[in-house]
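Comments concern the structure below.
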Amino acid sequence: MTDTGRAAVFYGPERRFAIEEFPLSEPEPGAILVRVTIAGVCGSDLHTWRGEMGTPPGGVITGHEMTGRVARLGPGVTRDSLGRQLAEGDRIAYMHIYPCGRCYVCLRGPMAACPTKRRPANLKAPPYFTGAFAEYYYLWPGHYVFKIPDELPDEVVAPVNCALSHVLYGLQEIGLTFGDRIVIQGAGGLGIYAVAVAREMGAHRIIVVDGIPQRLELARAFGADEAIDLNEFPSAEARVARVRALTDGLGADVVAELVGMPSVIGEGLEMLRPGGRYLEIGSISRGNTATVNTQDLVLQNKRIVGINNYSPWIMPAALDFLVRTRGRFPYDRLISHRYPLDEINTAFEQADWQGPGGAATVTRAVLVP
Ligand SMILES: [Zn+2]
Ligand SMILES: [Zn+2]
C-alpha cells in the first residue's frame, strides 16, 4: 500500500473539483480503510454540485454511493456485520452513516433519523478520506459492513448503499403491499430501483412519470406497466387524470416522490386514492418547501412519510435482492457513463440533467478511481 491517496476536493459550485493528494492513516481500532473501486454520482451529489446544499469553505470530499475492497483492517476488526470473516482484499459494501445506537431517537426508532448519524468531514486532519470521490475511504469505528456476494459485479453493488437501500427502506416504511397500485414520480436512479423493488414486493400496477423518453423506456425494461410522459401530459391536471384512468378512477395506493423537486408533491398527493400513502424521498435541497392541500389530506385520510437513509438491515437485504433478481432486471443498463476520477468535473457536467449542458441520456455516471 502506498502512503498517500488521491481525492477530488469540492470547493463549491464556482471552483468545482480539484484532485489533491492526502496521507493515508493506519485505521484506528474498529475502523477499516477501504480502497474505493467505484463511486456513483447520486442525485444528492448533483444538488451539492449546483450549490443547493452548501459547501464548507475549506472544501470537502463529496460522494457517498460506492463500494470497495478492504485495504487495511483496524485492530479488532475480523468479521463483517453478519459475522463473516473479513480479510484484506475482500469486496465490501457499507453504510456511510453511523447511527449512534444509544440516543433517544435510536432507541425509539428509526435509527435512520439519528441526529448524530453523520461524521463531520475534515480535510485538515486525518483520516481525510471521508467521501466517495477518492481512491480511499475511511470507515469509522461503529460502521456497518457487509461482504459482497461473488455473483455481483462492483458496478451493480455501487448504488446499494444509497439509491437502492433508500428505495427498499422507503417502500417498506410506506407499507407497500401485495396488489398495490403505485405511482413513481421520476425515473432516475431512485425511480428505476423503485420499479424493480415494487415489482418484487408484489405491486399490481406500476406507473412511472418522467419527461425523458430514455428513462421511461428503461423504467419499462425494469417492469413498469405504464409510463406517463410529461411531454404528452404537460399539465398536472392531465397527469392526475391519467393516473385516475389507470387506477379504475380511484387513484393510487402509494405515490413515491423520487424526482427531487418539491413542485411535484401537490400533484402526487392528488394522484392518491382516499387513504393512500405518499412517500417523500427526493426533495432534499436546502429551503425546499411545498404547498399541500391540507383539507384533502385530512378529509381523505392520506399520509405523508419522509425518508432519509435507512436501517442497517436493509443493506444485506438489498444485496440478497440483487442476487435473487439479477437475471430478471437489466442492472447492467443502470450505469450509463464511466469516468476516471480525474474527469470528475466532466462527469458532473454531463450527469447534471437539470442543467443547460446536461445529457439526458445519463442514467447513472460512475467514477472509477
Ligand atoms: Zn445518494
Ligand atoms: Zn442515535
Side-chain angles (χ1 to χ4, degrees), residues 8 10 36 38-50 52-55 60-68 93-121 130-134 137 140-144 154-171 186-194 197 256-261 279-286 288 306-315 318 334-337 344 347-348 351-354 362-367:
F10 185 66
V36 177
I38 193 163
V41 177
C42 169
S44 65
D45 297 320
L46 289 168
H47 287 302
T48 305
W49 185 75
R50 291 185 207 114
E52 295 163 8
M53 310 285 278
T55 307
V60 63
I61 304 172
T62 57
H64 52 272
E65 191 176 287
M66 66 185 134
T67 186
Y94 39 87
M95 282 174 80
H96 61 278
I97 57 157
Y98 303 82
C100 75
R102 55 201 307 267
C103 72
Y104 182 87
V105 176
C106 282
L107 295 181
R108 298 290 298 251
M111 276 173 98
C114 174
T116 58
K117 64 189 171 185
R118 290 182 201 287
R119 298 290 300 246
T130 53
F133 301 140
Y137 182 74
W140 299 91
H143 56 247
Y144 297 93
D154 289 348
E155 285 82 359
V156 171
V157 175
V160 165
N161 76 335
C162 182
L164 177 55
S165 287
H166 267 103
V167 160
L168 238 167
Y169 181 64
L171 292 177
L190 288 164
I192 298 293
Y193 280 124
V197 172
E257 192 280 284
L258 304 172
V259 185
M261 285 187 279
L279 175 62
E280 174 51 57
I281 294 184
S283 190
I284 55 164
S285 290
R286 195 170 46 182
N288 273 2
I307 290 291
N308 185 235
N309 300 123
Y310 48 89
S311 292
W313 70 267
I314 288 288
M315 274 202 83
L334 274 176
I335 291 178
S336 52
H337 292 65
I344 186 168
F348 271 72
D352 184 25
W353 58 277
Q354 285 185 13
V362 177
T363 308
R364 209 54 155 191
V366 292
L367 292 153

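Just so you know, these numbers use all the heavy atoms, side chains as well, and skip hydrogens, waters and symmetry mates. As the structure lists them, so they are numbered: ligands from 1, and atoms in each ligand from 1. Computed from a predicted structure; not experimentally measured.
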Please state whether the separation between the Zn ion (ligand 1) and some N/O/S atom of His166 is under 2.8 Å?
no
Over 60° means perpendicular and under 30° means parallel, so tell me whether Tyr310 and His166 are parallel, tilted or perpendicular.
perpendicular
Nearest heavy atoms of Val36 and Ala132, plus distance in Å
CG1-O, 3.9 Å
Given the rule in the side-chain contact (heavy atoms from CB on, under 4.5 Å) test, do Met53 and Thr62 qualify, once you have shown the distances and angles that lead to the verdict?
CA-CA 12 Å; Met53 310 285 278; Thr62 57; over 6 Å; no
What protein N, O or S atoms come within a distance below 2.8 Å of the Zn ion (ligand 2), ordered by chain and number?
Cys100 SG, Cys103 SG, Cys106 SG, Cys114 SG
So how far is it from Glu65 CD to His96 NE2, rounded to the nearest 0.5 Å?
9.0 Å
Counting the benzene-type ring for Trp, do Phe348 and Phe10 have ring centres under 6.0 Å apart?
no
Is the centre of the Tyr137 ring less than 6.0 Å from the centre of the Tyr94 ring?
yes
Given 3.5 Å as the limit, does a donor-acceptor pair link the side chain of Asn161 with the main chain of His64, or not?
yes
So which N/O/S atom does His64 have closest to the Zn ion (ligand 1)?
NE2
